[in-house]
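Quick notes on the structure that follows.
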Amino acid sequence: MDDDYTIDEAIEVLKATVARKADEIAALEKKMRRLKKEDTRAKTQELIDYLRADRTAYITVIADMTEDDSLLEGLDLDTENTVDCPVMYDQYLNGLDADDLENELDAEEIRAEYCDEVVELMCQGIGEMALTSKKLMKLLAEDEYACSVIGELIFYDDDLYDAFRKIVEAKAEKKAKKKKKD
């Protein structure tokens, strides 16, 4: 995660973002009652839906960081209902004061880095499990793309490439000795 923040500081930034977004959603909902033009109402509703989804995403990150699943109670976590970035989002960002904009940008960065770390750890776990499965190793060996990705990983990592080279050389040496015996 971002080296600028401790885990506790990052959580506080995210909590501040969640609270701010709740206030912004409430203010937009109040404003919606006064809007007359259908186009403006639709754009405002898009922004409200986006802010709700964004707020939910921040809450899920906080819940994961704090291991507190109770934060997820009552949230709409249906991932099939994706919300596109609304037309008014740039206007929304431009309307934030300097402190709120800084909070928004910091929170986005923290969330992105945290999610990247989670995916990285998940992939590492999958990789470790795959390397211990004979069936999966066989499937990987039969897959050209997987072999290419593994080969690229080894090629560009000096330590792995040195180990690979030593293994290949030892195997060739063993084969040559066996051939000599025959």
Side-chain angles (χ1 to χ4, degrees), residues 1-18 21 50 52-86 89-90 93 101-182:
M1 188 170 27
D2 193 331
D3 294 334
D4 296 341
Y5 294 100
T6 66
I7 191 86
D8 291 333
E9 291 169 336
I11 291 168
E12 289 308 310
V13 168
L14 297 178
K15 284 181 177 179
T17 303
V18 166
K21 286 189 183 286
Y50 184 80
R52 278 189 184 131
D54 205 29
R55 182 176 173 271
T56 297
Y58 284 116
I59 292 170
T60 59
V61 170
I62 294 168
D64 193 60
M65 291 172 97
T66 60
E67 298 179 359
D68 183 0
D69 289 342
S70 70
L71 297 173
L72 304 176
E73 292 173 10
L75 292 180
D76 179 13
L77 299 175
D78 187 7
T79 57
E80 291 183 19
N81 294 337
T82 58
V83 178
D84 294 326
C85 187
Y89 190 66
D90 287 338
L93 287 177
L101 181 59
E102 181 180 357
N103 170 260
E104 182 75 15
L105 298 175
D106 288 349
E108 284 179 5
E109 185 177 340
I110 290 167
R111 177 175 63 184
E113 287 183 15
Y114 184 77
C115 290
D116 287 347
E117 286 178 15
V118 168
V119 169
E120 190 175 310
L121 287 172
M122 187 177 72
C123 289
Q124 180 182 348
I126 291 169
E128 289 170 356
M129 289 177 68
L131 291 173
T132 62
S133 167
K134 288 181 184 180
K135 286 182 182 179
L136 201 45
M137 289 301 292
K138 186 177 186 302
L139 288 171
L140 288 170
E142 294 170 355
D143 185 300
E144 288 180 22
Y145 177 73
C147 287
S148 174
V149 170
I150 293 167
E152 185 177 338
L153 173 73
I154 293 169
F155 182 77
Y156 287 111
D157 185 298
D158 292 339
D159 294 335
L160 288 175
Y161 190 75
D162 287 343
F164 168 77
R165 214 178 68 249
K166 287 176 186 173
I167 292 168
V168 170
E169 289 170 1
K171 194 174 184 179
E173 199 175 297
K174 189 175 180 181
K175 192 175 184 180
K177 285 182 184 179
K178 185 178 180 186
K179 195 174 186 181
K180 236 182 187 182
K181 284 184 182 180
D182 293 339

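Just so it is clear, the model here is predicted, and its values are computed rather than measured. No hydrogens, no waters, no symmetry mates; every other heavy atom, side chains included, goes into these values.
The side chain to side chain donor-acceptor pair (under 3.5 Å) pairs that include a residue from residues 140-151 are K138-E142, where partners are two or more places apart or lie in different chains.
Within the 4.5 Å cutoff, the side chain of L153 has no heavy atoms near those of the I150 side chain. Counting only heavy atoms from C-beta outward, the side chains of R111 and T17 never approach each other to under 4.5 Å. Annotation: side chain of V119 is in contact with side chain of C123 (closest heavy-atom distance under 4.5 Å). With a 4.5 Å cut-off on side-chain heavy atoms, I110 and E9 do not count as touching. Residues Y5 and D106 meet the side-chain proximity criterion, which asks for heavy atoms closer than 4.5 Å.
Q124 and E128 are linked by a side-chain donor-acceptor pair at a separation below 3.5 angstrom, with hydrogens and angles left out of the test.
The environment of CG in D68 is crowded: more than 12 heavy-atom neighbours from other residues, nucleotides or ligands sit within 6.0 Å.
Of the possible polar contacts, one joining the N103 side chain to the V13 backbone as a donor-acceptor pair under 3.5 Å is found. Here the side chain of T60 pairs a donor or acceptor atom with the backbone of A57 at under 3.5 angstrom.
Summarising the geometry, atom CD1 belonging to I62 is positioned 11.0 Å from atom CG belonging to D64; distances are rounded to the nearest 0.5 Å. The distance from atom CG of D162 to atom CD1 of I154, rounded to the nearest 0.5 Å, is 12.0 Å.
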